[in-house]
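Side chains are part of it too, since the values below use all heavy atoms of this structure and drop only hydrogens, waters and symmetry mates. Lettering follows sequence order; numbering is per chain, from 1.
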Protein chains: 2
Amino acid sequence: MERKARAAQTEAALKAAAQRQFAERGYLNTKITDITTAAGRAAGSFYQHFASKEDLLQALLADMHGQASQVFDDDGPAHDLTDPAQLRQHLAAAWQVMRDNRPVVTALFESALAAGPASGELWKRLTGDTVVFRDHLRDLQEQGHALPGDPVLVAAAMGGMLSMLGYALLPVTPGAPGPTDAPSAADGGRPGYPDAQVVDTLASLLLYGLAGPGERGAVSPG
Amino acid sequence: MERKARAAQTEAALKAAAQRQFAERGYLNTKITDITTAAGRAAGSFYQHFASKEDLLQALLADMHGQASQVFDDDGPAHDLTDPAQLRQHLAAAWQVMRDNRPVVTALFESALAAGPASGELWKRLTGDTVVFRDHLRDLQEQGHALPGDPVLVAAAMGGMLSMLGYALLPVTPGAPGPTDAPSAADGGRPGYPDAQVVDTLASLLLYGLAGPGERGAVSPG
DNA sequence: GTCTATACTGGGATAGAC
DNA sequence: GTCTATCCCAGTATAGAC
């Protein structure tokens, strides 16, 4: 195999190793050498491919965007987040993206947070990641629907809820205690809520709130 | 002034300086020397009072608990989180605590997050900080009220929403762009939502969801 | 108790051989 | 391109004078 291919292979190995390390140790705790040794490469080789850890993270983000772009092209009919099925669908999609890209998503979260409260990085991330929600909420508003508040704020609140639970609950190992039904006490003492339960709960909470659907009936009636 | 008083004074200065630095730079970015120089003390003096930055943070937490303990002794009549006034009251109290102790609260947040996803620290924090919500939700459940899901999960979701928005939105400077009415673009590019707006929005969202109160009428009718 | 000065360490980044 | 070896700095923590 030629040089170019070898280089690409090394870069891929570094990326893969980084994802594993980020998931296990967290982005902030992961050292460059952790990545290189996990990838079976020399420390110096890292800089042949990435300028820094942050640079690597951006590369992973680009990869993720490339893959997951088609997931979110919801160009269906008029959206209505107050439709139980549609809201659930949106939340499930968001949750799935977080699950599928947990290392990157959580690393971005850690990175934004490490920038400090005054930097506004977290707010940028929060609003940036919730443009879909925000736009759909604006649609609702324009159709005369009364929202709980400013679409930007409501969308950010929803996103904050999601990211926080994703960071705290999603299992570190890609597919281990996730879709199981038993809340296993392993994995750092965190409970292993099944994906469906989390999504159902959030959908119900965000749609009808703590008061419940009232006269309208349950969330998933049929 | 005697030695003991001088020592206490230095310790207080270090604590105060730490709070300022945590707010400005973020907990993770704050170095020991940042604190000592901000306090006008020598670097070495720090260790006379605290074993580490983490130790200092715990001391600040203890101080905070001492002050804010009376805020949360809500021993009134039977609680009902589905009562608009009570829910709003609870959220307002939580928001106020975050505002009053922003440096400490956000530092704890950063600290828990830096421990990495696998540590479960964030989940512990999330559940620990929402015991009040959780208990009240359990009360509701025992009274036959149907909740959106497991009380622990719902409480954590509420708490996640709150902490995230608190971290992202609360102003760095104790009282500057907070209760103003104009969303100033200063302060790191973050909007300055008035406290009341945030609390109202969250109360409305959490009580009736995106669908709104329906037949029940608005959240604050009178 | 507080200071100044310094030892020590982890980890980022580079130099140069292969 | 990848390796080994090393430099170098930031930051923690300590030693010892005052």
Review point. In a check of salt bridge (charged side-chain N to carboxylate O under 4.0 Å, His left out) between Asp34(B) and each of Arg25(B), Lys53(B), Arg20(B), which one passes?
Key: Arg25(B)
Check your understanding: Does a side-chain N or O from Thr10(B) land closer than 4.0 Å to OP1 or OP2 of dG1(C), or not?
Key -> no
Exercise for review: Report yes if a side-chain nitrogen or oxygen of His49(B) is closer than 4.0 Å to either non-bridging phosphate oxygen (OP1 or OP2) of dG1(C); otherwise report no.
Suggested key: no
Check your understanding: Within this structure, what is the CD-to-P distance between Gln48(A) and dA15(C), rounded to whole angstrom?
Key -> 13 Å
Check your understanding: When the ring planes of His90(B) and Phe133(B) are compared, do they come out parallel, tilted or perpendicular, using 30° and 60° as the limits?
Key -> tilted
Check your understanding: Tell me, do Leu113(B) and Glu110(B) make a side-chain contact under 4.5 Å, heavy atoms counted?
Key -> no
Exercise for review: Taking the side chain as every heavy atom from C-beta outward, state whether Leu210(B) and Leu137(A) have any atom pair closer than 4.5 Å.
Suggested key: yes
Check your understanding: Whole-Å distance between dT2(D) P and Leu14(A) CG?
Key -> 8 Å
Check your understanding: Between dT2(C), dC3(D), dG1(D), which one does the side chain of Arg41(A) approach most closely?
Key -> dC3(D)
Point to revise | Spacing of Ile35(B) atom CD1 relative to dA10(D) atom P, expressed in whole Å | key: 19 Å
Point to revise | Sub-4.5 Å side-chain heavy-atom contact between Leu57(A) and Ser111(A) | key: yes
Study note, to complete from the structure: To the nearest angstrom, the CG-C1' distance between Asp55(A) and dG12(C) comes to 14 Å
Review point. Could you state the CG-C1' distance from Leu28(B) to dA10(D), rounded to the nearest angstrom?
Key: 16 Å
Exercise for review: List the steps, then state whether side chain to side chain contact (heavy atoms under 4.5 Å, CB included) holds for Thr10(B) with Gln48(B).
Suggested key: CA-CA 10 Å; Thr10(B) 294; Gln48(B) 198 70 30; over 6 Å; no
Practice item. If a protein heavy atom is under 4.0 Å from the base, mark B; if only from the sugar-phosphate, S; if neither, -; do that for nucleotides 12-18 of chain D going 5' to 3'. Key: SBB----
